[in-house]
Amino acid sequence: MIIRLPDSVQKPFYDRGALAPGMAHIGVGAFHRCHQAEYTDDLLSLRFDRWGVVGINIRPPLLSETLGRQGGLYTRLVREDNRVEARAIGSMVSVVDSQDSAAPALDVLASADIDVVTLTVTEKGYCHIPSSGALDFDHSDIVHDLANPLIPRSVPGILARALELRMTTHGHPVTLLSCDNIPTNGVILANVVQSMVEKRGNGLADWIAANVAFPSAMVDRITPATSQADIETVEQHFGYRDAAVVVGEPFRQWVIEQKFASRVPRWDLVGASFVDDVTPFEHLKMRVLNGAQTTLATLGVLAGLEHTSDVIADALLATFVRRMLLEETLPTLMPVPGVSPEAYVEQSLGRLRNTAIRHRNHQIATDGSQKIVQRLLNPILDRLRRGDSIALLSVPVAGWMAYLILASARFGGRWPVSDPYADKVAGIADATGDDTKALASAILAIDTIFDPELAANRDFRAAVTGALDGLLSADPMGLVRHMVEPAAATRLKLPAQSA
Ligand code: CS2
């Protein structure tokens, strides 16, 4: 328990004892604690109101053992190279563990006190098909929840039941705000929830259409999973133990579609932007910053490197990722008012160089199947439709494949992986063995990841197969070196570029 905080730790400027709940958050991981909860804390200091956050976890870890014991209060460190700044965040008024049963979560979500629910449940939490955005009716939790709607397990099932309870009790409208890195996250959330209720026939679908808003949002702050070393940093620098500390970079951004069902916190007064269309912002962020992270993560693992900052310090990989972003990703972006795309690329690469942010490549590579569509495949498809080259963007696609292939038993189980498609790719690796063309072909045939138009494209197939061949060889960085050599541009019919 944090009893007395040292003067060097900034404390909430408001009376936490007077803070009443007004919103809930599902998925109280490091990112929420370092992002939405901090914006809310800023807002409470500026303009105190009934906006306490009830934090809910429906998956591990238990919150009661960390945040619960600290009354919801925790330390947020901002770190940049040698600089450490600490602040206690006070916006979370209580925490609820709902891992064993949805009942505790439903009590909160259905409460008339809750006007807004924010979510960070990871990409796979939406139970959608990555390539299409539609609800995956074959997902085991969705099959369960459709058969047992009163005792749901999935995020769409829990939200559907919570909305049903709201409809049948007080009827108050609610805003459900997705804060995950999936494209048009509000549209996807609305769609998976509506898909759960469409056959219920009790008017719920219409009630949701009239009373629930699903704004899309772009969220950004690099926040690795908290490590033991972070907990020790707080002890060493500030003299107390905080089991719920989070560490983030100085940069933060939040762009929210202005589409609300009732009252919402005025996060726009403390640095967030309320806009009519989030799409240009989300493309910019997911294709540039996240695209670079995914690229560096899988290629970094293949190069034997541990963290993003180690990979970007490698001259070859840094050159590759910059060229990929400038030459192939940037031309796919929509104009964003007031933002120079080139400056955004440099700023993003600068953020990735921050050595105090220990972001493990394996963490970023986790669930890659749920990330590559928005980060890599969508820009590739945009380029192919315009007849533009995709040689560089195809390398991290092959990187994702190689990452899972080399983790399979058939290829020596080089590292443990966590991805819903890991078993499927391992099965393909088992069946096709060393024939790279057959391997790439079988993986490209997974239509829940690869849009059929993309998978059928001959240029894309050739680029991915060629890159996979190189990345699975004894010298994976040889392929990367080959891609940044000026001669490679000619061979691959790229416009001539300076390195
Ligand atoms: C990362 C993101 O693990 C990952 O997928 O790419 O969590 C990333 O750090 C955030 O989106 C930054 O805002």
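Order of listing sets the numbers, starting from 1, for every ligand and every atom in it.
Annotation for Arg59: atom CZ counts as buried by contact number, over 12 foreign heavy atoms lying within 6.0 Å.
Residues Thr120 and Gln36 are in side-chain contact: their nearest non-hydrogen atoms beyond the backbone lie under 4.5 Å apart.
A donor-acceptor pair is defined here as one N or O able to donate and one able to accept, closer than 3.5 Å; such a pair exists between the side chain of Lys371 and the backbone of Thr366.
Ring to ring, His25 and His32 are close: their centroids are under 6.0 angstrom apart.
The aromatic rings of Tyr403 and Trp415 lie parallel to each other, their planes meeting at an angle below 30°, with 60° marking the opposite boundary.
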For ligand 1, run through the N/O pairs with the protein that fall under 3.5 Å and put one pair on each line.
from	atom 1	to	atom 2	distance (Å)
ligand 1	5 (O)	Lys371	NZ	2.9
ligand 1	5 (O)	Arg375	NH1	3.4
ligand 1	5 (O)	Arg375	NH2	2.9
ligand 1	6 (O)	Gln293	OE1	2.7
ligand 1	6 (O)	Arg375	NH1	3.1
ligand 1	6 (O)	Arg375	NH2	3.4
ligand 1	9 (O)	Gln293	NE2	3.0
ligand 1	11 (O)	Asn181	ND2	2.8
ligand 1	11 (O)	Lys285	NZ	2.6
ligand 1	11 (O)	Asn290	ND2	3.1
ligand 1	13 (O)	Asp220	OD1	2.5
ligand 1	13 (O)	Arg221	N	2.9
ligand 1	13 (O)	Arg221	O	3.4
ligand 1	13 (O)	Lys285	NZ	3.2

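Taking the centre and axis of the six-membered ring of Tyr39, the NZ or CZ atom of Arg252 falls inside the cone set by 45° and 6.0 Å.
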